[in-house]
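Notes follow the structure.
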Amino acid sequence: MQESPCFGTMKIMKITTEFGPLGQIEADALIVPIFEGVREERFGAGKLIDAGEVTGKALELTIIHHPQGVAATRIVLAGAGKLEKFDAAQLRRLAGAALRLLKSKSVKKIALVLAAEQCNGENAAAAVEGVVLGGFETDRYKTGDDKKSVESFTLVAEGGSADLTEAAERGRIIAEAQNFTRELANEPANLLTPLGLAAAAEKMSAEYGLQCEVLQRAQMEKLGMGALLGVAQGSAEPPALIIVRYKPASETGKAHLGLVGKGVTFDTGGISIKPADGMEKMKYDMAGGAAMLGAMRALAQLKPPIPVTAFVPCVENMPGSKAQRPGDIVTAMSGKTIEVLNTDAEGRLILADALHYAKQQGCTHLVDAATLTGAIAVALGHLNAGLFANDDGMRDRVMAASKAEGERMWVMPLEEDYKDYLKSPFADLANIGGRYGGAVTAAIFLGEFAGETPWVHLDIAGTAWLDDGKPYLAKGPSGIPVRTMVRLAMDWKD
Ligand code: BES
Ligand code: ZN
Ligand code: ZN
C-alpha cells in the first residue's frame with residue numbers, strides 16, 4: 001500500500017474553555033459578539049455606537065486597541081445581527097470571520113466571549129467550529145515562510161458549566177474532520193490517486209481505531225462490479241473500493257447506516273472528454289468520498305449509537321487506449337446491464353456498484369454524497385445541495401440534520417415517471433437521460449441500485465467547492481456534508 005501524507009493535522013490551534021470573568025482573560029484579542037440595537041457600553045464601545053461606526057450588523061468587525069477594564073490587548077466587536085435571528089449558524093460565521101481577520105493581522109492568542117444568555121452546547125460547539133473552519137487555508141503546497149496561523153483559542157463562557165467544555169470538544173472534533181475532508185478534496189490528482197486516497201483512509205482509520213478494508217481490482221472483478229471497473233479501465237491508476245467500519249460498543253437497534261461517497265480522483269470525462277477550460281477543478285470529484293471519510297473520522301471519536309460503514313469507490317476517469325467507449329454495455333454487480341452513452345456520466349456508474357455492495361454488506365439505510373451533475377448547480381446555484389430520497393423518513397432525518405448544521409439542502413423530485421428518460425434500446429438502462437432534468441435522471445439512475453433500501457442521494461456538485469472565499473471561510477473545498485452526516489448518525493433513533 002502507498003504511503004500517505006498526514007491530512008487534517010496541519011497547524012492545529014490549541015483550544016480551551018474558561019468560565020471566569022472576562023476581565024481577567026489574557027489574550028491578544030477577545031472577540032465580543034454585539035447585536036443590532038442592543039447597546040454595548042463596555043470597552044468604550046458606547047462612543048463608537050453613538051458615532052454610528054459600530055452597528056452590530058452581521059459580520060461587522062471593529063478592533064479596539066488597549067480597551068478599558070480588561071487584561072486582553074484587543075477587543076473585537078463582532079456584529080451578530082439581530083438578536084431574534086441569532087443562532088448557532090450565525091455564531092459559527094461570526095467566529096470564523098473574526099478569526100480570519102485576526103489571523104491576517106498575525107494575532108496569535110484569541111478568545112471569544114459567550115454571554116450567559118448564549119451559553120449552551122450548540123453555541124459552544126458552533127463557536128469552536130467557526131474558528132477551526134475559519135483557520136483552514138489551501139496553502140499546503142506554498143513554500144513561503146509568510147504563512148500565518150493562530151496559536152490558541154479560548155472559549156470564555158461567562159457563568160457556563162463543564163458540559164460546555166464537552167460541547168467545545170465536540171465542535172473541535174467535527175470541524176477538524178471537516179478540514180480533513182477539505183484538505184483531501186483540494187489535493188491535486190497527481191498527488192492523490194485512487195490508491196493514495198485509500199492509503200489516506202487506512203492511515204486515518206488506524207489513527208482513530210476504525211476498521212478499514214480496501215478492495216483491489218481483482219476482488220472487484222470477482223464480485224462482478226462491471227460498472228465501476230468499466231470507468232477504471234481507461235486509466236493506468238488502479239481502482240480501489242474503500243470500506244471503513246465503525247461499530248458501537250453495544251448495539252441497541254437493527255439499523256446500520258451506510259455512507260457512500262463518490263471518489264473520482266480526477267474526471268477528464270473519459271472518451272466523452274470535457275472542455276479544457278476549468279477541467280482542473282475535476283480534482284475535487286472525490287469530495288463526496290472525502291466527506292464520508294471525514295464523517296467517519298469524527299464518528300470514531302464521538303461514538304454514535306449505531307453502526308456506520310463508509311464505502312468510497314475510487315477511480316480516475318481517463319481516456320486511455322483501454323478506456324470504455326460510448327455505446328459500451330457493462331453489467332453492474334446487481335446484474336443490471338447499462339449502456340454507457342456518455343463516459344463523463346461516470347459517477348453514477350461507480351456508485352451503482354458501491355450502493356449495491358453496501359446493501360449486500362448489511363446496510364439498512366443509505367446516504368450517498370457525490371459531485372454528480374453540473375445540472376444541480378444550474379438548478380440550485382451554489383447555496384443548496386440537491387437532496388433526493390426514496391423514503392420520507394430518511395429524507396426527514398437528513399433534512400433535520402442539515403438544518404441543525406446550517407448545511408443547506410433542497411428536496412428535489414424522485415418520481416417513477418422519470419425512469420422513461422433512461423430507456424436504452426439495447427440494455428436495461430442508459431447512463432444518461434438527455435438534455436433536461438440532468439440532476440434528476442442521475443438520481444433516478446442511482447435509485448435503481450438503492451432499490452427498496454431507505455436512501456438519500458446528495459448531489460453536491462454545486463456546493464462542494466466555494467469559488468469565492470467568504471469572510472469566515474477560505475475559497476476552495478467546503479467540506480459539505482460532513483457535519484450533516486455526523487449529526488445524522490449521532491441523533492439516530494430507531
Ligand atoms: N463530475 C462531474 C459533475 C460536476 C460538474 C462536478 C461540475 C462538479 C462540478 C460529472 O461526472 C459529470 O461529468 N457529469 C456530467 C453528466 C452528463 C454527461 C450527463 C455533467 O454534469 O455534465
Ligand atoms: Zn464526469
Ligand atoms: Zn465526475
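Values below: every heavy atom of this structure, side chains too, minus hydrogens, waters and symmetry copies. Just follow the structure's listing: the first ligand is 1, and inside any ligand the first atom is 1. As the structure is a computational prediction, the values presented were derived from the model and not from experiment.
- Listed by number with element, the atoms of ligand 1 under 4.0 Å from a non-hydrogen atom of Glu346 are 11 (O).
- A salt bridge links Lys281 with Asp467: the distance from a Lys NZ or Arg NE/NH1/NH2 to an Asp or Glu carboxylate oxygen falls below 4.0 Å.
- Each of the atoms 19 (C) of ligand 1 lies under 4.0 Å from some heavy atom of Ile432.
- Distances from the Zn ion (ligand 3) to the N/O/S atoms of Glu346 are shortest for OE2.
- Classification of Glu452 and Lys359 as a salt-bridged pair fails, no side-chain N sitting under 4.0 Å from a carboxylate O.
- Contacts between Met286 and ligand 1, counted as non-hydrogen atom pairs separated by less than 4.0 Å, are absent for every part of the residue.
- In this structure, Glu122 pairs ionically with Arg487, as a charged nitrogen and a carboxylate oxygen lie closer than 4.0 Å.
- Close contacts between ligand 1 and Lys262 involve ligand atoms 1 (N), 10 (C), 11 (O) [criterion: under 4.0 Å to a heavy atom].
- The distance from the CG atom of Asn390 to the CG atom of Leu366 is 8.5 Å, given to the nearest 0.5 Å.
- In terms of protein heavy atoms, atom 12 (C) of ligand 1 is closest to Asp344 O, 3.2 Å.
- Closest N/O/S atom of Asp267 to the Zn ion (ligand 2): OD2.
- Residue side and main chain included, Asp285 places an N/O/S atom under 2.8 Å of the Zn ion (ligand 3).
- In this structure, atom 10 (C) of ligand 1 has protein heavy atoms in its sub-4.0 angstrom surroundings.
- At the shortest separation from atom 2 (C) of ligand 1 among protein heavy atoms lies Asp267 OD2, 3.6 Å.
- Note: Arg182 CZ to Leu473 CG = 5.0 Å, rounded to the nearest 0.5 Å.
- Summarising the geometry, atom OG1 belonging to Thr441 is positioned 13.5 Å from atom NZ belonging to Lys419; distances are rounded to the nearest 0.5 Å.
- Taking every non-hydrogen atom of Thr371 and a distance limit under 4.0 Å, the qualifying atoms of ligand 1 come out as 1 (N), 2 (C), 3 (C), 6 (C).
- For ligand 1, the atoms closer than 4.0 angstrom to any heavy atom of Asn342 are 18 (C).
- Under the 4.0 angstrom criterion, atom 21 (O) of ligand 1 counts as having a protein heavy-atom contact.
- Annotation: Tyr141, atom OH; neighbour count of heavy atoms from other residues, nucleotides and ligands within 6.0 Å is above 12.
- Under the 4.5 Å side-chain criterion, counting only non-hydrogen atoms from C-beta, Arg297 is in contact with Glu176.
- In this structure, CG on Leu422 lies 7.5 Å from CZ on Arg348, to the nearest 0.5 angstrom.
- The pair Glu137-Lys148 fails the salt-bridge criterion, with no side-chain N (NZ, NE, NH1 or NH2) lying under 4.0 Å from an Asp/Glu carboxylate O.
- Residue contacts with ligand 1, taken as heavy atom pairs separated by less than 4.0 Å, involve Tyr284 solely via side-chain atoms from C-beta onward.
- Look at Val264 and the Zn ion (ligand 3): no N/O/S atom of the residue is under 2.8 Å from the metal.
- Under 4.0 angstrom from ligand 1, the non-hydrogen atoms of Asp285 all belong to its side chain.
- Checking only distances, Gly374 does come within under 3.5 Å of ligand 1, N or O to N or O.
- Taking every heavy atom of Ala461 and a limit of under 4.0 angstrom, the matching atoms of ligand 1 come to 6 (C), 8 (C), 9 (C).
- Those atoms of ligand 1 that come under 4.0 Å of a heavy atom in Met282, given as number and element, are 1 (N), 6 (C), 7 (C), 8 (C), 9 (C).
- When heavy-atom distances to ligand 1 are checked against a 4.0 Å cut-off, Val264 has no atom that comes that close, whether in backbone or side chain.
- When each atom of ligand 1 is checked for a heavy atom of Lys274 under 4.0 Å away, the hits are 2 (C), 12 (C), 13 (O).
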